[in-house]
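Chain naming here is simple, since letters A, B, ... match the order of the sequence lines and numbering starts at 1 in each.
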Amino acid sequence: MHEDIVAGLNPSQTEAVTTIKGPVLVLAGPGSGKTRVLAHRVAFLLRAVGVSPRSLMAVTFTNKAAGEMRERINRLLGEAVSTSAGWRGLTIGTFHSICAYILRQEAAPAHIDPNYVIFDDSEQLAVIKQALRDLKLDEKMYRPEAMRAAISRAKNELIKSTAFEATTYWAEVARRVYGRYEEVMAANHALDFDDLLCRTTYLFKEQPEVLSRYQERYQYLLVDEFQDTNTAQYELVSMLAGRSHNLFAVGDEDQSIFAFRGADYRNVMRFREDYPEAKVILLEQNYRSTQTILDTANAIIARNLHRTPKQLRTERGRGLQVTLHEAYDESDEANFVVSTIQRLVSQEEVRLSDCAVMYRTNAQSRPLEDAFVARGIPYRLVGGTRFYQRREIKDALAYLRLVHNPADNVSLMRIINVPPRSIGDKTIGALNTWSSELGLPMTGGMALLAGDPQMNVRYPEPPQHSLGTAALRSLTAFYRMFASWVAQKDRLTIEALLDRISEESGYATWLKDGTEQGQERWENVQELHSVAEQYDDLPPDVRLGAFLEEVALVSDQDQLAEEQDRVTLLTLHTAKGLEYKAVFIVGLEENIFPHSRSLEDPDQLEEERRLMYVGVTRAKDRLYLVRAFRRTLYGRSEVNAPSRFLIDIPEKLQVGGGIGDRKAAARQALENVTRWGPQGSNAQARPERRPARVAPAGGGQSERAEKPAEKPAAPARKTQFKPGDRVDHGLFGTGIVLKSQVTADDEEVTVTFPGKGTKTLLASFARLRKV
DNA sequence: GGGTGCCTCGAGGAC
DNA sequence: CGAGGCACCC
């Protein structure tokens with residue numbers, strides 16, 4: 001048994017799988033088989049060591065990763081030792097789902113309503129706006145989104161509102177908003193995502209006997225993507241492993257790209273400090289990419305200062321050169337991508353589904369989609385508006401959540417007037433004020449107003465309210481409807497309850513407004529049925545709660561099914577963990593990638609570099625790095641310097657695709673702009689080793705094309721150059737003009753230079769001379 | 001109370 | 001350029 005579990009593993013992997021006692025840190029390079037190691041280790045513990053499934057906890061960040069691990073283990077052991085339902089066996093799940101489960105079990109010691117609901121970002125925002133109103137603070141001055149980020153950051157760092165330290169006035173406001181936010185959340189019986197983690201951590205800290213039980217149960221802990229943990233998560237796992245010390249962490253600092261959501265890759269270092277006895281295992285053998293691709297990745301990441309040097313190896317051989325391509329603009333870029341894919345597919349090198357196009361920001365997907373549509377090539381876009389973020393889905397869920405948890409004022413306010421039932425802001429405000437005076441949620445207030453006998457007994461003399469008769473009538477009607485759903489919730493399946501609510505509330509009719517969009521929205525709501533059906537067999541009293549918890553904790557990332565033969569379009573962030581035979585990374589321009597908002601912060605630049613590293617290492621065989629000379633973004637056209645990442649790629653690894661030149665394509669592309677493009681752009685060539693100088697260097701960072709725009713370039717309607725003209729150029733020598741066009745403020749000349757490729761140059765900068 | 005038009009602003013996104 | 005938020009008007 002022992003032998004077949006480790007069969008086929010390399011020595012480092014075997015060591016990672018079979019080191020059973022004590023802390024282990026696996027530094028796993030991309031494509032080094034870390035998922036495999038995790039699954040095999042679980043199988044090894046269960047089969048060779050004889051560990052009971054219930055003593056084992058494996059933690060991931062996404063449901064998808066958890067599902068894959070589960071599937072892999074089941075396949076390895078040839079039986080279903082792990083199922084998502086129930087916790088009798090193995091515990092495999094996301095940090096959040098495991099914490100949600102623990103908090104539900106330990107509701108009393110955690111001081112939480114066991115029927116708590118989970119508020120997502122937008123609901124959090126609603127609570128923050130409420131808190132700002134309560135504190136009479138101006139939303140313009142204190143942006144709710146910034147407040148939300150501050151609160152989230154604090155929670156990730158395990159800082160309670162009472163311990164929040166404010167050294168600036170803004171932070172002082174944030175401290176107060178945080179405090180009020182917590183009160184409102186408590187009144188709604190709601191937890192946010194961060195709460196799931198930090199409240200579990202507090203529970204363990206404050207109730208040692210509760211912690212003890214979990215420590216005893218979970219003798220073996222495995223944590224995936226350790227570089228993505230935040231402080232709360234780090235503390236949580238170290239507390240759980242406090243007794244056994246059998247903590248197995250897998251991670252790669254070089255793939256840490258989620259600092260913006262609290263991840264701190266320094267937790268990898270912290271692990272080494274906190275567990276000096278830990279066995280550290282490096283997985284450097286790569287099973288995915290060609291050596292050329294790995295060398296490219298290494299050249300890029302090697303410039304980061306804060307990392308453990310690694311040398312990725314493969315037995316796959318050198319493979320193809322990396323193609324660097326300079327396109328004219330974003331649509332030319334898209335055309336290059338699409339025609340290259342068409343060529344590869346027609347030559348039967350790859351299938352469409354082997355190809356992925358990656359970009360820094362979602363906004364860049366538009367021109368790509370246009371090109372795919374224009375050529376009739378099927379593609380699938382990952383990201384964009386997510387299913388559970390859709391308005392109609394949130395509305396439908398808000399109805400269900402309110403029925404499940406009548407204290408949920410946020411859900412109530414979302415749907416009380418959707419569809420319109422004459423309950424406007426004034427009425428809602430009055431009801432809210434009056435209810436909170438009584439210490440009741442708004443549904444409780446409505447019950448009293450509607451003459452609920454029980455409520456009348458408990459509150460015989462309620463205070464005066466300012467509601468008119470029309471408002472009272474509307475509220476009563478709504479309350480009666482709501483109360484009837486509550487009365488039936490356990491007698492109906494979730495689908496039936498949902499249908500009933502959509503019909504009786506008028507939501508269905510209102511949504512189906514006859515437009516195509518309305519129909520689509522209704523179909524989205526119907527989609528919820530298939531999810532809800534899976535809960536039909538659960539006992540009625542837990543059914544709705546379980547359903548709501550799942551839909552709060554799932555993402556459509558999970559439904560990323562590998563269906564038909566299509567090209568995948570996705571951001572570099574969502575590409576993490578995936579692999580494709582052919583990868584196109586587009587928009588390799590300063591200000592785009594690295595993103596303009598990260599240029600001034602060395603840490604953020606290092607993260608951009610890691611993101612590039614992640615992108616490059618997704619490729620198995622073919623890598624295309626594409627930049628556009630000119631790009632229209634937010635409605636204006638800009639000329640950006642080539643991304644600094646291109647410059648780091650050794651010449652011997654690359655081939656200048658459409659530039660058609662043996663010389664370093666990136667360097668040339670750079671020179672195009674640094675010498676003949678907008679002034680000051682040579683600042684871009686500087687690596688981020690001395691970032692402190694970036695800002696004061698005379699504004700050299702700004703790559704916007706304003707400079708040429710301001711130049712009163714000959715406003716002639718006539719071009720200076722015409723096709724066929726022979727021109728001379730300082731660097732490229734003599735070439736022939738292919739085309740030339742006058743733009744608003746300049747002239748763009750496309751010239752082909754024998755042996756140097758085709759260049760698009762700005763007449764005002766390129767010192768072109770007719771010969 | 002509900003609808004229309006103007007203004008602002010722009011990264012990445014699991015749970 | 002385009003989505004979403006808000007103010008103002010009917």
Ignoring backbone atoms, establish whether A:T571 has a side-chain N or O less than 4.0 Å from OP1 or OP2 of B:dG13. yes

Among B:dG13, B:dG10, B:dC15, the one nearest any side-chain atom of A:N63 is B:dC15

Tabulate protein N/O versus nucleotide N/O from nucleotides 2-4 of chain B, keeping only pairs under 3.5 Å, one per line.
| residue | atom | partner | partner atom | Å |
| --- | --- | --- | --- | --- |
| B:dG2 | OP2 | A:N417 | ND2 | 3.0 |

Taking only residues two or more places apart in sequence or in another chain, which ones pass ring pair (Phe, Tyr, Trp, His ring centres under 6.0 Å) with A:F593? A:F645

Base, sugar-phosphate, or nothing: which does A:D425 touch, judged by heavy atoms less than 4.0 Å apart? sugar-phosphate

Can you list everything that forms a side chain to side chain contact (heavy atoms under 4.5 Å, CB included) with A:P114? Sequence neighbours excluded, please. A:A107

With sequence neighbours left out, write down each residue that passes salt bridge (charged side-chain N to carboxylate O under 4.0 Å, His left out) with A:R104, or none if nothing qualifies. A:E549

Is A:R266 atom CZ crowded by more than 12 heavy atoms from other residues, nucleotides or ligands, each under 6.0 Å away? no

Within this structure, what is the CE-CD1 distance for the pair A:M57 and A:I98, rounded to the nearest 0.5 Å? 4.5 Å

Name all residues meeting the side chain to side chain contact (heavy atoms under 4.5 Å, CB included) criterion together with A:A508; count only those two or more places apart in sequence or in a different chain, and write none if there are none. A:S502, A:E503, A:K512, A:W522

Under the 5.5 Å and 30° test, is A:H595 stacked on the base of B:dA11? yes

Looking at B:dG12, B:dA11, B:dC15, which one has an atom nearest to any side-chain atom of A:T62? B:dC15

Which part of the nucleic acid does A:R366 contact within heavy-atom distance under 4.0 Å: base, sugar-phosphate only, or nothing? nothing

Give the rounded distance in Å between these two atoms: CG of A:D192 and P of B:dA14. 17 Å

Side chains of A:S637 and A:R630: any donor to acceptor distance under 3.5 Å? yes

How does DNA chain B look in dot-bracket form if you count Watson-Crick and G-U pairs under 3.5 Å, write [ ] for pairs that cross, and put | where a base pairs with another strand? ||||||||||.....

Just checking A:E549: base, sugar-phosphate only, or nothing, at a heavy-atom cut-off of under 4.0 Å? nothing

Salt bridge (charged side-chain N to carboxylate O under 4.0 Å, His left out) filter on A:E253, not counting sequence neighbours, yields none

Nearest-Å distance, NE2 (A:H573) to P (B:dA11)? 13 Å

Which whole-number value in Å describes the distance from A:D224 CG to B:dC15 P? 13 Å

Phosphate OP1/OP2 of B:dG1: any A:T427 side-chain N/O under 4.0 Å: yes

With A:F372 via ring pair (Phe, Tyr, Trp, His ring centres under 6.0 Å) - residues at least two apart: A:Y379

Counting only side-chain heavy atoms from C-beta out, which of B:dC15, B:dG13, B:dG12 sits nearest to A:T361? B:dG12

Does the aromatic ring of A:F193 sit over the six-membered base ring of B:dA14, closer than 5.5 Å centre to centre and tilted less than 30°? no

Out of B:dA14, B:dG10, B:dG12, which nucleotide sits closest to the side chain of A:R261? B:dA14

Which residues share a salt bridge (charged side-chain N to carboxylate O under 4.0 Å, His left out) with A:K394, sequence neighbours left out: A:D120

Given atom CD of A:E145 and atom P of B:dG13, what is their separation to the nearest angstrom? 14 Å

Using OP1 and OP2 only, check whether a side-chain N or O of A:N362 sits under 4.0 Å from B:dA11. no

Determine the interplanar angle of the A:Y214 and A:Y218 rings, folded into 0 to 90°, and report it as parallel if under 30°, tilted if 30 to 60°, perpendicular if over 60°. parallel

Suppose we screen for salt bridge (charged side-chain N to carboxylate O under 4.0 Å, His left out). Which residues come up paired with A:R610, at least two apart in sequence or across chains? A:E607

Which one, B:dA11, B:dC15, B:dG13, comes nearest to the side chain of A:L553? B:dC15

Just the rounded figure in Å: distance from P of B:dG12 to CZ of A:R610. 18 Å

Collect all protein-nucleotide pairs involving nucleotides 6-10 of chain C in which both atoms are nitrogen or oxygen and the distance is under 3.5 Å.
| residue | atom | partner | partner atom | Å |
| --- | --- | --- | --- | --- |
| C:dC6 | OP1 | A:E139 | OE1 | 3.4 |

Side chain to side chain contact (heavy atoms under 4.5 Å, CB included) filter on A:P144, not counting sequence neighbours, yields A:L125, A:I128, A:K129, A:L132, A:E139

Which nucleotide in B:dA11, B:dG13, B:dC15 has an atom nearest any side-chain atom of A:F260: B:dG13

